[in-house]
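Numbers restart at 1 for each chain; the letters A, B, ... are given by sequence-line order, proteins then strands. Only this structure's heavy atoms are used, side chains among them; waters, hydrogens and symmetry mates stay out.
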Amino acid sequence: MDKQQFQQDLIGWFQKEQRDLPWRRTADPYQIWISEVMLQQTRVDTVIPYYKRFVEKFPTVESLAQAEEESLLKLWEGLGYYSRARNLQAGVREVAEQYGGIVPSTRKEISSLKGVGPYTAGAVLSIAYGVPEHAVDGNVMRVLSRILLIEEDIAKPKTRKVFEQAVTELISHEDPSSFNQGLMELGALICTPTSPKCLLCPVRDHCEAFHAGKETELPVKTKAKKNRNADFAMVAIWSGNKLLMEQRPGKGLLAGMWQYPMLELTAPLEADEIGELYAEALNGSLSDVEKITAFKHVFSHLTWNVDGYLAKAEEFTPPENMKWVTPEQLENLPIAAPVQKMKTALEQRGDVAK
DNA sequence: AACTCGGGGGA
DNA sequence: TCCCCAGAGTT
């Protein structure tokens, strides 16, 4: 491996072929940090609109530090992994209070911020500050497993260290940003998981896997185990022009997000039985219970099978984690994708109010 | 080291 | 279907 030549080929290609992405138009470490958090386990095309809205509404450390959690989650709605948003704000508040609003530029300091792990630390340091630090994500492991013919299982946690060491040895000290981004851009555009475009690859000559004809056998990755199932009833309960909404607990799946009141079902039930079940849980009675939809929502580790119902009630004092809202107020509550599916079913049915 | 945590796009 | 995505926190 001619390290010098590899760096030059990679960086030269990146500077010529890189995509025009919103976060590549800023040098602000705060905004680059935002992009890196959003990009965790999330595709570029998905992130773009979220990133634009986010930096428009919260352009500075101060603005995000002062934001209400509900408006923060509303901006994050649909992007998933909602703890990222809360951790980001916690980290930003630390920067505001402990670092005078300046994102720190050493690995030790930036890694101490909430939500900033080994990858994000290296990404912000190299891209925003030009520090030659490794930033190893899934792309980098795939690309380097091929280039260096590394056959260790990339699903194992400790394997990441092997790649961090490799990057530390290979990284350009003249342009760490282009080097790290070049590896990731190569993974996204050329050195893809299936059918890599080796004939278009700018570093093909340096690639041991291509040389050995093993590019499709790498990386080695053991399979993830499959997920569980759970059944739920979700009921839109109207009282006059108000809907009953429930906030999920502050920890765990979809923490803090809002939903139509849900109950986990241990056995399949009829519509009239749903009414009794909720009456017990809510300490208020339902009428006109009607099933309006059924759908499945797949999370990475779990699948929800949801039956959606419509019902009426006399307004009653709800439990602590619930409140009555008008349709207008509902628009300001952060809801996750499965709840959005129910909301869409309601709207398409035409039962907007009453 | 294993598990949790979202959602969507592409093969 | 299954994979995988610019991963991090918790246990």
Side-chain angles (χ1 to χ4, degrees), chain A residues 14 18-19 21-24 32-51 73 76-88 90-91 110-128 134-144 153-161 163-164 167 177 179-189 191-196 216 219 221-228 248-257 296-304 334-341:
Chain A
F14 174 71
Q18 65 173 295
R19 290 167 291 176
L21 303 174
W23 45 90
R24 289 182 176 159
I32 291 170
W33 179 12
I34 305 277
S35 74
E36 292 301 341
V37 173
M38 287 187 168
L39 286 162
Q40 289 166 11
Q41 295 293 284
T42 311
R43 292 187 147 70
V44 164
D45 290 339
T46 302
V47 168
I48 289 173
Y50 283 91
Y51 173 83
L73 287 176
W76 210 272
E77 178 183 280
L79 193 55
Y81 288 143
Y82 299 95
S83 65
R84 287 185 297 178
R86 268 187 287 262
N87 288 338
L88 172 61
I110 201 171
S111 297
S112 76
L113 302 172
K114 207 73 154 207
V116 178
Y119 165 75
T120 304
V124 175
L125 291 174
S126 60
I127 297 170
H134 59 75
V136 175
D137 69 340
N139 280 312
V140 172
M141 288 198 282
R142 182 176 61 257
V143 169
L144 288 184
D153 183 358
I154 66 168
K156 295 194 178 309
K158 71 174 192 183
T159 303
R160 198 192 67 239
K161 297 188 195 309
F163 290 94
E164 289 174 348
V167 172
S177 171
F179 184 90
N180 279 343
Q181 290 191 80
L183 283 179
M184 293 187 274
E185 194 78 342
L186 196 61
L189 301 181
C191 196
T192 46
T194 58
S195 43
T216 58
K221 186 175 185 180
T222 53
K223 294 196 214 339
K225 63 170 197 176
K226 31 202 255 183
N227 62 5
R228 346 183 285 272
R248 297 180 61 83
K251 290 187 172 182
L253 184 66
L254 307 177
M257 304 294 281
K296 175 183 302 214
H297 186 81
V298 181
F299 299 98
S300 37
H301 59 299
L302 156 83
T303 299
W304 281 5
I335 62 176
V339 183
Q340 182 61 54
K341 288 178 183 172

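A:I154 has its CD1 atom 13 Å from the C1' atom of C:dG7, to the nearest Å. The CD atom of A:Q40 sits 17 Å away from the P atom of B:dC5 (whole-angstrom rounding). Atom C1' of nucleotide C:dG7 and atom NZ of A:K161 are separated by 14 Å, given to the nearest angstrom. Rounded to a whole Å, the CG atom of A:L73 is 16 Å from the P atom of B:dC5. Look at NZ on A:K158: it is 15 Å from C1' on B:dA2, rounded to the nearest Å. Distance CH2 (A:W76) to P (B:dG7): 13 Å, rounded to an integer number of Å. The distance from atom CD of A:E77 to atom P of B:dC5 is 19 Å, rounded to the nearest whole Å. Protein atom CG of A:L88 is 16 Å distant from nucleotide atom P of C:dG7, rounded to whole Å.
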Quick one, A:Y82 with A:E77, criterion side-chain hydrogen bond (donor to acceptor under 3.5 Å, both in side chains). Give me CA distance, side-chain angles, the key distance, then yes/no. CA-CA 8 Å; A:Y82 299 95; A:E77 178 183 280; over 6 Å; no
Might you work through the side-chain contact (heavy atoms from CB on, under 4.5 Å) test for A:L253 and A:R248, ending with a clear yes or no? CA-CA 8 Å; A:L253 184 66; A:R248 297 180 61 83; 3.9 Å; yes
Before you tell me yes or no, could you show the steps for A:H297 and A:F299 under side-chain contact (heavy atoms from CB on, under 4.5 Å), namely the whole-Å CA-CA distance, both residues' side-chain angles and the distance that decides it to 0.1 Å? CA-CA 7 Å; A:H297 186 81; A:F299 299 98; 3.4 Å; yes
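Counting any heavy atom pair closer than 4.0 Å across all strands shown, A:S300 reaches a base atom. Residue A:G252 is classed as a sugar-phosphate contact, given heavy-atom separations below 4.0 Å to backbone atoms only. Note on A:A123: nothing from the nucleic acid sits closer than 4.0 angstrom, heavy atoms only. Across all strands shown, A:K156 has no heavy atoms under 4.0 Å from either base or sugar-phosphate atoms. Nucleic acid contact class of A:R142 (heavy atoms, under 4.0 Å, all strands): sugar-phosphate only. At the heavy-atom level, A:W23 lies under 4.0 Å from base atoms of the strands shown. Across all strands, A:F299 comes closer than 4.0 Å only to sugar-phosphate atoms, never to a base (heavy-atom distances). Using a 4.0 Å heavy-atom distance criterion, A:A135 is classed as making no nucleic acid contact. Across all strands, A:N87 comes closer than 4.0 Å only to sugar-phosphate atoms, never to a base (heavy-atom distances). When heavy atoms are screened at a 4.0 angstrom cut-off, A:R228 is found touching the sugar-phosphate backbone but no base atom. Nucleic acid contact class of A:T120 (heavy atoms, under 4.0 Å, all strands): sugar-phosphate only. Residue A:R248 is out of contact with every strand shown, counting any heavy-atom pair closer than 4.0 Å. A:L302 comes within contact range of no nucleotide atom at all, as no heavy-atom separation falls under 4.0 Å. A:P219 comes within 4.0 angstrom of no nucleic acid atom, judged by non-hydrogen atoms across all strands.
When each of A:T194 and A:G80 is assigned the nucleotide of DNA chain B bearing its nearest heavy atom, the one mapping closer to the 5' terminus is A:G80. The residue among A:P157 and A:L253 whose nearest nucleotide of DNA chain B lies closer to the 5′ end is A:P157. A residue-by-residue look at A:R84 and A:K251 shows that A:R84 has its nearest nucleotide of DNA chain C further toward the 5' end. Along DNA chain C, the nucleotide closest to A:K223 and the one closest to A:G138 are compared, and the more 5′ of them pairs with A:K223.
Distance from the side chain of A:E185 is smallest to C:dA6 among C:dC4, C:dA6, B:dA11. Closest to the side chain of A:M184, from the set B:dG7, C:dA6, C:dA8, is C:dA6. Among C:dA6, C:dC4, B:dG7, the nucleotide with an atom closest to any side-chain atom of A:P193 is C:dC4.
Using a 4.5 Å heavy-atom threshold, the side chains of A:R84 and A:T42 count as touching. Between A:V298 and A:N227 the shortest side-chain heavy-atom distance falls below 4.5 Å.
Contact between A:E36 and A:A123 at its shortest, heavy atoms only, is CD-CB, 3.6 Å. Here the shortest heavy-atom pairing between A:D153 and A:K221 reads OD1-CA, 3.3 Å.
With A:K341 contributing its side chain and A:K296 its backbone, the two residues share a donor-acceptor pair below 3.5 Å.
Nucleotides B:dC5 and C:dC4, compared at atom P, are 22 Å apart to the nearest Å. Taking the P atom of each, C:dG9 and B:dG8 are spaced 24 Å apart, rounded to whole Å. Atom P of B:dA11 sits at a distance of 14 Å from the matching atom of C:dA6, rounded to the whole Å.
Between A:T42 and C:dG7 there is no side-chain polar atom (N or O) within less than 4.0 angstrom of OP1 or OP2. Regarding contacts with the backbone of C:dC5, every side-chain N or O of A:Q41 stays at 4.0 angstrom or more from both OP1 and OP2. Regarding contacts with the backbone of B:dT4, every side-chain N or O of A:Y81 stays at 4.0 angstrom or more from both OP1 and OP2. Look at A:H301 and you'll find a side-chain N or O under 4.0 angstrom from OP1 or OP2 of B:dC5. Between A:H297 and B:dG6, a side-chain N or O to OP1/OP2 separation shorter than 4.0 Å is absent.
Judged by Watson-Crick or G-U wobble contacts below 3.5 Å, the nucleotide B:dG6 has no partner.
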